[in-house]
Amino acid sequence: MNYWLMKSEPSVFGIDDLASTPRKTTAWDGVRNFQVRNMLRDQMHKGDLAFFYHSGCVEPGIAGIMKVSCAGHPDSTAFEPENPHFDPRSTPAKPLWYAVDMTLVKRFKQRVTLTEMRRHAALKDMLILRRGNRLSITPVTAKHWHYILKLAVAI
DNA sequence: GCCAACGTTGGC
DNA sequence: GCCAACGTTGGC
């Protein structure tokens, strides 16, 4: 059982969008970074939990929890010429890019903001807090996961 | 809108 | 294989 943090810009797709999606489930597709591709393809397993992180907005932070409802599968948006994520290097026979399906577990009543996370020494090693980190998905340790859950309740 | 960080591309 | 140029991310 692994824990993850997954970024999305709420102006594109936020946690409220996921909540209003049928079965509260979406394909987490369009990732075009090889490091993240490897996590999607090889390391994210059904049942893993992930924080839904809002980036590129007024108050960046963790908005809630999702779970992996389907492990890595070829990202079909790469096959669609009309899709902005189209990549001719990827074919159904030899897929280059992968996606997972994510299902909403819960929305936090109050979000754990980036500012709040920075205030806690216990979280200082989190990849998301590291300067210049741009990976849209990062692994989260069990220790950090549970610490943030407590923050989410306490705030 | 600015800028740091960093991945990708392509010429050599 | 090197490295400059370029594009993207994302906090501020």
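Chain A is the first sequence line, chain B the second, and so forth, proteins listed ahead of strands; every chain is numbered from 1.
- Near DNA chain B, meaning a heavy atom under 4.0 Å away, there are no residues from residues 3-12 of chain A.
- The shortest side-chain heavy-atom distance between Arg118(A) and Leu129(A) falls under the 4.5 Å cut-off.
- Between Val112(A) and Met117(A), some side-chain heavy-atom pair lies under the 4.5 Å cut-off.
- Under a cut-off of 6.0 angstrom, the local environment of CD in Gln35(A) is sparse, with at most 12 non-hydrogen atoms contributed by other residues, nucleotides or ligands.
- Here ring-ring contact (aromatic ring centres under 6.0 Å, His included) pairs that include residues 51-90 of chain A, with residues two or more places apart or in two chains, are Trp28(A)-Phe52(A), Phe51(A)-Trp145(A), Phe52(A)-His54(A).
- Nucleotides of DNA chain B lying under 4.0 Å from heavy atoms of chain A occupy a range whose first and last members, 5' to 3', are dA4(B) to dT9(B).
- Among the heavy atoms of the strands, none lies under 4.0 Å from Arg32(A).
- Looking at Thr77(A) and Arg32(A), their side chains do bring a donor and an acceptor atom within 3.5 Å of each other.
- Taking 4.5 Å as the limit, every side-chain heavy atom of Leu5(A) sits out of range of all side-chain heavy atoms of His144(A).
- Formation of a donor-acceptor pair under 3.5 Å by the Asp29(A) side chain with backbone atoms of Val31(A) is not found in this model.
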*Would Arg107(A) and Asp16(A) satisfy salt bridge (Lys or Arg N to Asp or Glu O under 4.0 Å), going step by step from the backbone distance to the final call?*
CA-CA 8 Å; Arg107(A) 279 183 278 188; Asp16(A) 293 337; 2.8 Å; yes
